[in-house]
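Structure first, commentary second.
For ligands, and for the atoms within them, numbers begin at 1 and follow the listed sequence.
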Amino acid sequence: MVPVILVIEDKKSMAEMLAETLRAEGFEAVTAPSGEDGVKAALGGGVDLVLTDLKLPGMNGLEVLRTLKAKRPLLPVIMMTAFGTIDTAVEAVKAGAFDFLTKPFDISHMLVLVKRAVEAGQMEAENILLREEFAEVLGFPKIIGRSRPLLDVVEMVRKAAPTKATILLTGESGTGKELFARAIHHLSPRARGPFVAINCAAIPKDLMESEFFGHEKGAFTGAEARRLGKFELADKGTVFLDEVGEMELNLQAKLLRVLQGESIERVGGSDPITVDVRVVAASNRDLEKAVAGGGFREDLFYRLNVFPVRIPPLRDRAEDVPRLARHFAAMYCTEIKKPPLAISDASLDVLSGLPWKGNVRELKNCMERAVILADGEIRPEHLGVCPPPAAPDESGGFEGPLHAVAERASRTAETKAIRAALSACGGNKTKAAEILEVSYKTLLTKVKDYDIV
Ligand SMILES: Nc1ncnc2c1ncn2[C@@H]1O[C@H](COP(=O)(O)OP(=O)(O)OP(=O)(O)O)[C@@H](O)[C@H]1O
Ligand SMILES: [Mg+2]
């Protein structure tokens, strides 16, 4: 995609000269004669960089900058100032301008700055998917992971997000399809519009059409009032069609028409309604197979598959596991107001080696459980993911990393000691804790963790 640069400049000849120079360098350039017009154009979407004059009639460059930074913090802005207004230029940079140019400026210097700003803007959009501070500012969950397969997905999403192209997210259950769908919405010019999710697998088939497109009063038994459909509610925003493979064939035909830009009709209605929605669809079923089997329209498949993004299963990016595990552990500790927990190396080894059929969701649930059970440190026995490995004894159990052998040995020894103490005092845990010189709480935790009955 060719980067689009918006030049906000009230002097027509200057604006045209800048636009021509930028075009000659392979950029697309548009101009706006006032701050108000410029802000409107920039917020309308499709602009990658703003070059604004400081002195403008009405809204000045600094106000343009502040308005844009509040609404589209990622859009780079370069300020053009007249000689002698260096203080304002500094103020502009403090307010978030990428840089400033003092008039009269050298054209080649301007081009260098523009190129740098465009690149920085693109990188920023990519980083935002991965960086917490921005994720919080923009209100979407952080995407964790640095493995190559995940970064490839991030890169694709970054490129496709600002367009109106339909995106089809595929991947096993729990890989993060909904998370990416939200990220796409947030990185698009529609970010301030609604994000409406429809789970096609959760809606009874006979209600699906009304759910999508709404109905008029009396359209069918039980339709007591007019109801707006999800597509209407998502106007100027994004519709996320989850489990799109579950749609019925007749509704598939209607969806196809929406995707082709045709208007929609409420059930029982006759007035066509035009909506402006971007569709992001997801499926964990193989849609190509569904097409071959006749359960999914081929034309709809191609229409949805304009920009396919496959999210790899967690087992194919095991290097992301420790990072995800730490993130979820910290998240649940905060949630249940528990002091931060370390994760033992043995636990990380166990976690990294699991097949994770339920992908990130399964890991997330596993960490939630571990956070509840653990004190101080998350150890393998808190994970509850697989039967604990055999304890070392004469018959074996000494294989594997040393720390894992030690963990198992200490677990066996402690289990034996606790059993002995409990039986010595007839199962009275208070007394057993005294004998073992641990707190009652520690004893209870261990009894539970080690499954001592
Ligand atoms: N890379 C990631 N970083 C942080 N959290 C993640 C990541 N991937 C997934 N998650 C979290 O894992 C959970 C499952 O993700 P999500 O619901 O997006 O999966 P899905 O692919 O839509 O699954 P399903 O097909 O079952 O609907 C969510 O809580 C999500 O926030
Ligand atoms: Mg989902």
> Looking only at N/O atoms, are Gly176 and ligand 1 under 3.5 Å apart anywhere?
Replying inline: yes
> Pick from Glu209, Glu216, Glu211: which one makes a salt bridge (Lys or Arg N to Asp or Glu O under 4.0 Å) with Arg227?
Replying inline: Glu211
>> Going by the closest heavy atom to atom 17 (O) of ligand 1, which one wins out of Arg361, Lys364, His327, Arg323?
In response: Arg361
>> Is any side-chain heavy atom of Lys230 closer than 4.5 Å to one of Val239?
In response: no
> Which of the atoms in ligand 1, numbered in the order shown and given with their element, are less than 4.0 Å from a heavy-atom of Asn284?
Replying inline: 25 (O)
> Which ligand 1 atoms, with their elements, are less than 4.0 angstrom from a heavy-atom of Phe328?
Replying inline: 5 (N)
> His215 vs Phe220 aromatic rings, parallel, tilted or perpendicular, using cut-offs 30° and 60°?
Replying inline: perpendicular
>> Surrounding NZ of Lys338 (heavy atoms of other residues, nucleotides or ligands, distance under 6.0 Å), is the total greater than 12?
In response: yes
> Would you say Val360 and ligand 1 have an N/O pair spaced under 3.5 Å apart?
Replying inline: no
>> I'd like to know if Leu324 contacts ligand 1, where contact means a heavy-atom distance under 4.0 Å to any ligand atom.
In response: yes
> Non-hydrogen atoms of Gly171 versus ligand 1: any pair closer than 4.0 Å?
Replying inline: no
>> Looking at non-hydrogen atoms alone, which of Val153, Leu169, Leu179 comes nearest to atom 18 (O) of ligand 1?
In response: Leu179
> Which residues pass the salt bridge (charged side-chain N to carboxylate O under 4.0 Å, His left out) test with Arg361, sequence neighbours left out?
Replying inline: none
> Ser147 and side-chain hydrogen bond (donor to acceptor under 3.5 Å, both in side chains): which partner among Asp316, Asp152, Asp320?
Replying inline: Asp320
> Quick one: does ligand 1 sit under 4.0 Å from the side chain of Ile311, the backbone, both or neither, non-hydrogen atoms only?
Replying inline: neither
> For ligand 1, which atoms sit closer than 4.0 Å to a heavy atom of Ile143?
Replying inline: 1 (N), 3 (N)
> Ala202: what forms a side chain to side chain contact (heavy atoms under 4.5 Å, CB included) with it, not counting sequence neighbours?
Replying inline: Asn199
